[in-house]
Amino acid sequence: MDENPIILEENIRNLMSECSLGQLLQIETYLEGQIKKQEAITAKLGDPKGRKNRKEVRINTRIRAKIERITNISPGEYKEFTAYIEDISRHGMKLKITDPNYIHSKIIKVIFWGPKKTVKNAYMQIARTRYCESNSEKWIEIGCHSIKDEQVRRLRQTEKQRIDRIAIGRKNKELKARKIKNADIYLVGFAKNEENDLKSMINSFGYGVNEVDGISDIPADKSSHQKYQIAVLSPNIELSKNPHIIEQFKSQRPNVAGLAIVEDGYSIDDADPQGHLDYMTMEEVYVRLHHYIKKALLHHFVPQTMKKNDKPTILTISSNENLQKELEEHFHEIGYECQFVNDRLEAEMSEVENISAVIFDQGSLEINDLAAITNYYHDLPMVSLTNDWDQGEIAISMGINNYISLPLEKDKLDRILDSYSQPSHSLGNRCVKLICGSKNSFFLG
């Protein structure tokens, strides 16, 4: 209230003097309720976990303990660390860890010695982590609260599924790398002198090279589970005048990736609006051909269809609250459920069976996190949101489907999601380059 306290007190006195005894008793009961409510709010503000409100006793201590990590464990990582319990209550504890090699885990088991040297253990969920420093000492302070055995059992099951997925993802990545290394490359429509130059260059990369006149001349690979195939199209094939070439990829050779070499400034949108091929210019051939071949192969053989759920759910990984809010509003408008997590660790603890596709804010991820996410969600379509063209190219080379420039262009995002929700004979849409003034932006057509 902005009113002067003296005037307010005088007005209350005048009001009370006019009240009957019954009315005063009603006012007294109401005020007692309001006072209790405000005391509870004050207690919560001063103590986020509500210890004061629950009248919990907090015991300050210095008990040496051992921590066992239960979740978020990658193969080969340390699972056990030493810690000190700085305070303990019925529902939680505060831990101090001085080991600089400590690795975060959402759920931990704390083992310590209680009265009469009895061994105690408690499963805890970490609520907050704070990095502290004083003079020459550095430590990690962890606040955690206890969880029930049933929750631990479910989390252990989730952790086992997570580790299994990581193992499958790594195996899948190794298989893809082997297929890319052994890929057969077909040069389509090149003149003899061009063929010889390209052939020697591609041979130096370790690939087998064949020359054919057209797409239909590429033999259907009966052992496609062992090798990948890619057609490199000559700039002599004018895609804008031969739209049937794109149709040939879709209908006759859906298992063949396509890389078209085009003249600089070529209008890709007119030739291939659905983005079934990857593109590079003649100037890039002599400096980045190997990169583009690997990129086109990776890009073609990534998952291109959303997992079928009653209502598709998009997992969005971003610590940017404004972007989260913008995406949440848009997803609800177009009929998608959305699940938001802040980082890679939270993403790996999500229930994968409920997720249809993954979108992530590349600016809020480290390169190691990006590799882990592409490995973990290897069987789902993935799209990066980025401010940086180079970062988007890195994400493509690591096996994501595509990326869109920020600020978010919602109509392009809609087209991406629509393309993943529709089953296609082709194994995937390709990257389409848009020229926006002097800047390049990319989206999946």
Under-4.0 Å salt bridge between K325 and E321: no
Side chains of [X] and [Y] in contact at under 4.5 Å (non-hydrogen atoms):
{"X": "R153", "Y": "E150", "value": "yes"}
{"X": "H104", "Y": "I140", "value": "no"}
{"X": "I63", "Y": "I88", "value": "no"}
{"X": "K148", "Y": "R154", "value": "no"}
{"X": "I108", "Y": "F81", "value": "no"}
{"X": "I394", "Y": "I367", "value": "yes"}
{"X": "M201", "Y": "H290", "value": "no"}
{"X": "M124", "Y": "L95", "value": "no"}

For [X], what residues pass the side-chain contact (heavy atoms from CB on, under 4.5 Å) criterion, not counting sequence neighbours?
{"X": "H291", "answer": "R288, K295, E393, S397"}
{"X": "K171", "answer": "none"}
{"X": "A183", "answer": "Y207, Y228, L297"}
{"X": "T98", "answer": "K96, E137, W139"}

Reported CG-to-CE distance for the pair L259 and M280, which is rounded to 0.5 angstrom: 6.0 Å
Atom pair CG/CG of L380 and L315 - distance to nearest 0.5 Å: 9.0 Å
Distance-minimising heavy-atom pair for [X] and [Y]:
{"X": "N320", "Y": "L323", "value": "OD1-N, 3.1 Å"}
{"X": "V256", "Y": "A231", "value": "CG1-N, 3.8 Å"}
{"X": "Y292", "Y": "Y279", "value": "CE2-O, 3.3 Å"}
{"X": "A296", "Y": "A257", "value": "O-CB, 3.9 Å"}
{"X": "D361", "Y": "S364", "value": "O-OG, 2.9 Å"}
{"X": "V212", "Y": "Y186", "value": "CG1-CD2, 4.0 Å"}

Any pair counted as side chain to side chain donor-acceptor pair (under 3.5 Å), so long as it reaches residues 365-378, sequence neighbours left out: R344-D369
Sole residue of V232, L187, L198 in side-chain contact (heavy atoms from CB on, under 4.5 Å) with V209: L187
Intermediate values then yes/no, side-chain contact (heavy atoms from CB on, under 4.5 Å), V119 and I111: CA-CA 7 Å; V119 177; I111 302 167; 3.9 Å; yes
Can you check whether [Y]'s main-chain N or O pairs, donor with acceptor, with [X]'s side chain at less than 3.5 Å?
{"X": "T313", "Y": "S356", "result": "no"}
{"X": "N203", "Y": "K199", "result": "yes"}
{"X": "Q324", "Y": "S318", "result": "yes"}

K410 atom NZ, over 12 foreign heavy atoms within 6.0 Å: yes
Between Q362 and Y403, a side-chain donor and acceptor under 3.5 Å: no
Determine all donor-acceptor pairs shorter than 3.5 Å in which one atom belongs to a side chain in residues 328-338; sequence neighbours excluded.
from	atom 1	to	atom 2	distance (Å)
H330	NE2	D414	OD1	2.6
E337	OE2	K311	NZ	3.4

